Q: 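First the structure, which I've put down as structure tokens, then a few questions once you've had a look.
Atom set for the values below is all heavy atoms of this structure, side chains included, hydrogens, waters and symmetry mates excluded. Counting starts at 1 for both ligands and their atoms, following the listed order. Source: prediction; values computed, not measured.
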Amino acid sequence: MSIKTIIEPFRIKSVEPIRWTTRAQREALLQAAHYNLFLLPADDVLIDLLTDSGTGAMSTHQWAAIMEGDESYAGSRSFDRFRRSVQDICGYKHVIPTHQGRAAERILFNVACKKGDCVPNNTHFDTTRANVEFVGAEAVDLLIPEGRQPALQYPFKGNMDIAALEALIERVGRERIPLVMLTVTNNSGGGQPVSMENARQVSAVCKRHGIPLYFDACRFAENAWFIKLREPGYADRSPKAIAQEMFALGDGCTMSAKKDGMANIGGFLCTNDDLLAQQEKDLLILTEGYPTYGGLAGRDLEAIAVGLQEALEEDYLRYRIASTAYLGQHIAAAGVPIVQPPGGHAVYIDARAFLPHIPPHQFPGVALAAELYLEGGVRSVEIGTLMFAAAAQMDLVRLAIPRRVYTQSHIDYLVEVILEVWKRRENLRGLKLTHEAPFLRHFTAHLEPIL
Ligand code: F0G
């Protein structure tokens, strides 16, 4: 075909108005939110890139499936459809629904992990790290060195450092490592994919030591698309076949269906281990719900069953990854330092390079995110020193793109806003904390500008 423009592979049937505010209003709103964009009312945000989680638009097929929801407490047919869809892709024996990803994490780490244990991951997401640490275990990030250099071009910057994994097992001993995790794509490290080759190597190390391998599978479809585009031998495979091949290398997964499940809520936990599954279901009943709904309505299970399959459609993935790359390439071309190449669900601005005059302890990412809001009503999120404190290896501002929500003109507007802030970056100031919670402090922290 000679037409090169990649278009949104859908037309719009229902619209949701968004609202402009004035700069003076945004100044007051930002102050009232203590410079923490989590504390802003969403109505006062024009373009909301806080997260791609649960913020996507559902398809006509999902809405239709919702009407088929079976709300029976036990044995609902919606659960059967959900389980079939999950197993079709993941292939694991036990499928345990949860209300979102972190509930799956909490149950997994409570059952599989104890104080003094050690969990390796390419990079733990914040809730994953917090859930590991909450049971007294240590969360260890073993990203390849390439993944820690924002400007470096490398096709699979989410890969795990195999030598570091071997060394860790050697050092702490197999008994202290209840499982190894691979996060696909690597959200905290820039939305970067993990190659099949790397997953195969991690799996081989795990098998050799008898350690189960779990995937944090939130963005498994985007990861599969990157493998198709970038890894030799996969160009002619379908995203679904690639995803199936990757899941087959592991023993289970945790999943937030709010991402590549294309749903507004939901998640699941899978395992091949019968004993573990029983313990997990017991804990599920205590806090989430009966194992055929796990805190979700039957209609949610239906939406996820359809959404998981839609996330693997080639037209969708082509548009999805192209639109994120479009944003990244346009701001990078003007000099804005971003994590290269652009990720699947988000573009990450390197705030340390954008604002070299603001040291990490004065939260350059928070300063930049606040300014993007002031400039254009855009909400983004800091992934850096506020989120991870001393564990932060970078200070990034993530522009996460909700699925099937914004069009190209929204993206063009974003480019303009970011480039305006880039022009006067030298005027931005750092911030200091005035209030913080004992864990996951970024959600509720209060800050103020340093004068
Ligand atoms: N793992 C990863 C890699 C994630 O990105 C998230 C959520 C979770 C686990 C937890 O899932 O929110 O359903 O409980 N990430 C969202 C984000 C919140 O904005 O990146 P959850």
Side-chain angles (χ1 to χ4, degrees), residues 36-38 42 45 48-56 96-110 119 121-134 139 141 143 147 157-158 160 179 181-194 214-223 252-270 284 287-288 294-296 300 303-304 307-308 311 324 339 343-348 365 369 379-384 386-388 396-403 405 439-440 442-444:
N36 182 346
L37 302 185
F38 278 104
V45 174
D48 203 345
L49 308 184
L50 182 66
T51 179
D52 63 319
S53 182
T55 52
I96 299 170
T98 59
H99 79 274
Q100 60 184 85
R102 69 198 68 182
E105 292 164 4
R106 186 187 67 84
I107 289 171
L108 174 65
F109 295 125
N110 260 276
V119 179
N121 199 321
N122 43 350
T123 310
H124 289 82
F125 184 64
D126 60 352
T127 60
T128 325
R129 168 173 289 277
N131 272 298
V132 169
E133 291 174 351
F134 199 72
D141 291 343
L143 192 63
K157 287 172 94 171
M160 184 177 272
L179 59 101
M181 240 185 170
L182 265 182
T183 304
V184 296
T185 57
N186 180 18
N187 184 9
S188 311
Q192 302 292 321
V194 174
Y214 277 72
F215 291 98
D216 177 338
C218 296
R219 300 177 181 86
F220 74 96
E222 292 173 4
N223 200 87
C253 68
T254 56
M255 172 74 186
S256 168
K258 301 171 73 172
K259 285 85 166 174
D260 281 349
M262 306 288 243
N264 299 122
I265 196 70
F268 52 86
L269 169 59
C270 290
L284 187 85
T287 58
E288 289 274 308
L296 295 171
D300 299 326
I304 297 166
L308 286 169
T324 308
V339 174
H345 66 298
V347 169
Y348 295 66
R379 177 155 70 171
S380 53
V381 69
E382 187 248 23
I383 300 196
L386 181 61
M387 185 178 278
F388 292 120
L396 305 175
V397 169
R398 185 185 72 172
L399 307 160
I401 319 290
R403 291 168 183 75
V405 169
F439 44 82
L440 295 173
H442 52 290
F443 289 124
T444 52

Q: Is it true that the side chains of Asp300 and His99 contain a donor and an acceptor less than 3.5 Å apart?
A: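 Checked: Asp300/His99 side chains show no N/O donor-acceptor pair below 3.5 Å.
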
Q: Are Ser256 and Arg219 linked by a side-chain donor-acceptor pair shorter than 3.5 Å?
A: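 Judged by distance alone, the side chains do not pair up.
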
Q: Below 4.0 angstrom, N of the basic side chain to O of the carboxylate: do Glu222 and Arg403 qualify?
A: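 Looking at Glu222 and Arg403, the cut-off is met.
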
Q: Would you mind listing which atoms of ligand 1 come within a distance below 4.0 Å of any non-hydrogen atom of Lys258?
A: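 Those of ligand 1 that fall under 4.0 Å from Lys258 are 13 (O).
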
Q: Which of these, Asp216, Thr98, Asn131, has its nearest heavy atom closest to atom 1 (N) of ligand 1?
A: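 The nearest heavy atom belongs to Asp216.
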
Q: Judged by non-hydrogen atoms, does Cys218 sit under 4.0 Å from ligand 1?
A: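 Under 4.0 Å: yes for Cys218.
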
Q: Which option out of Thr51, Thr254, Leu50 puts a heavy atom nearest to atom 19 (O) of ligand 1?
A: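 The option holding the nearest heavy atom is Thr51.
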
Q: Mind checking whether Gly101 has an N or O less than 3.5 Å away from an N or O of ligand 1?
A: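 The answer is yes, given that Gly101 and ligand 1 share an N or O pair closer than 3.5 Å.
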
Q: Applying a heavy-atom cut-off of 4.0 Å, say which part of Arg102 lies close to ligand 1: side chain, backbone, both or neither.
A: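 Both parts.
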
Q: May I ask you to identify, for Arg398, whether its side chain, its backbone, both or neither come under 4.0 Å of ligand 1 on a heavy-atom basis?
A: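 For Arg398, only side-chain atoms sit under 4.0 Å from ligand 1.
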
Q: Examine Asp52 against ligand 1 and note whether any of their N/O atoms are separated by less than 3.5 Å.
A: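 Such a contact does not occur with ligand 1.
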
Q: Is it true that Arg129 and Asp141 have a side-chain N and a carboxylate O under 4.0 angstrom from each other?
A: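 So Arg129 pairs with Asp141 through a salt bridge.
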
Q: So which of Lys259, Arg129, Met181, Glu105 gets nearest to atom 11 (O) of ligand 1, if we judge by its closest heavy atom?
A: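 Selected option, by shortest heavy-atom distance: Lys259.
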
Q: Please identify which of these residues, Asn223, Asp260, Asp216, meets the side-chain contact (heavy atoms from CB on, under 4.5 Å) condition with Thr185.
A: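 Of the listed residues Asn223, Asp260, Asp216, the side-chain contact (heavy atoms from CB on, under 4.5 Å) partner of Thr185 is Asn223.
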
Q: Is Ser256 in polar range of ligand 1, meaning some N or O pair under 3.5 Å apart?
A: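 In this structure, Ser256 places an N or O atom under 3.5 Å from an N or O of ligand 1.
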
Q: First locate atom CG of Leu108, then atom OG1 of Thr128, and finally report the distance between them rounded to the nearest 0.5 Å.
A: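 So the gap between those two atoms works out to 10.0 Å.
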
Q: Under 3.5 Å, is there a donor on one side chain and an acceptor on the other for Tyr214 and Asn121?
A: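 Not at all, the side chains of Tyr214 and Asn121 share no donor-acceptor pair under 3.5 Å.
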
Q: For the 3.5 Å polar cut-off, considering only N or O atoms, please tell me whether Asn187 and ligand 1 meet it.
A: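 For ligand 1, there is an N or O atom that lies under 3.5 Å from one belonging to Asn187.
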
